[in-house]
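Because only heavy atoms are used, hydrogens play no part in the values below, and waters and symmetry mates are left out as well, while side chains stay in. Residue numbers begin at 1 in each chain, while the letters A, B, ... track the order of the sequences. Keep in mind that what you see is a predicted model, and the values were worked out from it rather than measured.
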There are 2 protein chains.
Amino acid sequence: MFSVTSQYALRALAYLATQQPDAMVGGQELSRQTGIPKNYLSKILLALGNAGIVEAVRGNAGGYRLARAPNEVPLIRVVELFERHVAKRACLLGLRRVCSDEDPCMAHNSWRPAKLAYFDFLETTTLLDISSAGKLTAP
Amino acid sequence: MFSVTSQYALRALAYLATQQPDAMVGGQELSRQTGIPKNYLSKILLALGNAGIVEAVRGNAGGYRLARAPNEVPLIRVVELFERHVAKRACLLGLRRVCSDEDPCMAHNSWRPAKLAYFDFLETTTLLDISSAGKLTAP
DNA sequence: CTCATTGTTGACAGCTCGGTCAGCAATCTG
DNA sequence: CAGATTGCTGACCGAGCTGTCAACAATGAG
């Protein structure tokens, strides 16, 4: 459903959301706990930092932490950074740039209920929801 | 949402579904009508042929046609040929191979309604549904 | 049979994504 | 200041996806 990069981002953020607020987590520890390659994780966190979702501190005892409370970050704010089809609300068949009720493509009406459920999930679910529901259990 | 290849497959099949049953459509015409590159389309149709979704006839006056009635082909039979996450019913966060109600991942309960709507759409929508709802209007 | 037409096959090129690595920059400790 | 620690940056690589091309195989028309 989502690219590996989006999955990594959500997993890292879900882990950060389980920490005490303002507690710094080093990239090394975050990598170990989530099973995400350390150097690749650092690039993902950079993008999340530019988007204002995490804060990074360099130097000794530095690391990462959430820039906002977990319940203030809906998943779509994360995923749209890495998934073009989410940012563009793309049509199912790729026929039009935007596919609206007023200007539908062939598959629009069939696709509509699932599309609504999909974007409703992304907009109403927050980091708090996916971080408080169990353990991370990296693969 | 889907890869370009899946979108191409659905568009080509939707066009074939609008034709008279048993009518052959040449690859050249199919390519023109759908806006799909001719040579790439032929590879997609080969996969659809191996899956028993289309029939191909070579030689003069050959072409392609659906192997079954449009209402007998749910979209998931098409998409699962090209999308790994559909074939595997993959979990949202990529944490487990299978993510079930009995053995959920962190995001499972939040993701559940949207996931059900998504697979319900793929399993109940057929080529007839997406071919009878309007014109193809290639990009 | 001969030829044109059409689908099949295999090789290849360009691009993006996932991932690695080395060096640079900032920050804290002593 | 000196050194260690940590994040940042840029280069690079391999795999898979999208797309192109040329040669091959089958089929029907003449």
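Distance CG (Leu81(B)) to P (dC17(D)): 13 Å, rounded to an integer number of Å. Computed from coordinates, the Asn39(B) CG to dA11(C) C1' distance equals 13 Å when rounded to whole Å. In this structure, CD of Gln7(B) is placed 15 Å from C1' of dG19(D), rounded to the nearest angstrom. Nucleotide dT18(D) holds its C1' atom 13 Å from the CZ atom of Arg84(A), rounded to whole Å. In this structure, CZ of Arg65(A) is placed 13 Å from P of dG7(D), rounded to the nearest angstrom. Here dT9(C) presents its C1' atom at 12 Å from CG of Asn50(B), a figure rounded to the nearest Å. Whole-Å rounding puts the His85(B) NE2 to dC17(D) P distance at 13 Å. Rounded to whole Å, atom P of dG19(C) lies 8 Å from atom CD1 of Ile44(A).
Inspection of the Thr5(A) and Tyr40(A) side chains reveals an N or O donor paired with an N or O acceptor under 3.5 Å. Residues Gln19(B) and Tyr64(B) bring no donor and acceptor atom of their side chains to less than 3.5 Å of each other.
Nearest nucleotide to the Asn60(B) side chain, out of dA29(D), dG19(D), dT8(C): dA29(D). You'll find that the side chain of Tyr40(A) is closest to dT20(C), out of dC8(D), dT20(C), dT20(D). Of the listed nucleotides (dG18(C), dT20(D), dT8(C)), dG18(C) has the atom at the smallest distance from the side chain of Thr5(A). Set against dA26(C), dT18(D), dG19(C), the side chain of Ser3(B) has dT18(D) as its closest nucleotide. Here the nucleotide nearest the side chain of Arg58(B), chosen from dG7(D), dT9(D), dA26(D), is dA26(D).
Phe82(B) comes within contact range of no nucleotide atom at all, as no heavy-atom separation falls under 4.0 Å. Gly63(B) comes within 4.0 angstrom of sugar-phosphate atoms only, judged by non-hydrogen atoms across all strands, and of no base. Nucleic acid contact class of Lys43(A) (heavy atoms, under 4.0 Å, all strands): base.
For dC8(D), one of the phosphate oxygens OP1 or OP2 lies less than 4.0 angstrom from a side-chain nitrogen or oxygen of Tyr64(A).
Side chain of Thr125(B) to backbone of Leu122(B): no donor-acceptor contact under 3.5 angstrom is found.
A heavy-atom distance below 4.5 Å is found between the side chains of Val86(A) and Tyr118(A). The side-chain heavy atoms of Ile130(B) and Trp111(A), taken from C-beta on, include no pair separated by under 4.5 Å.
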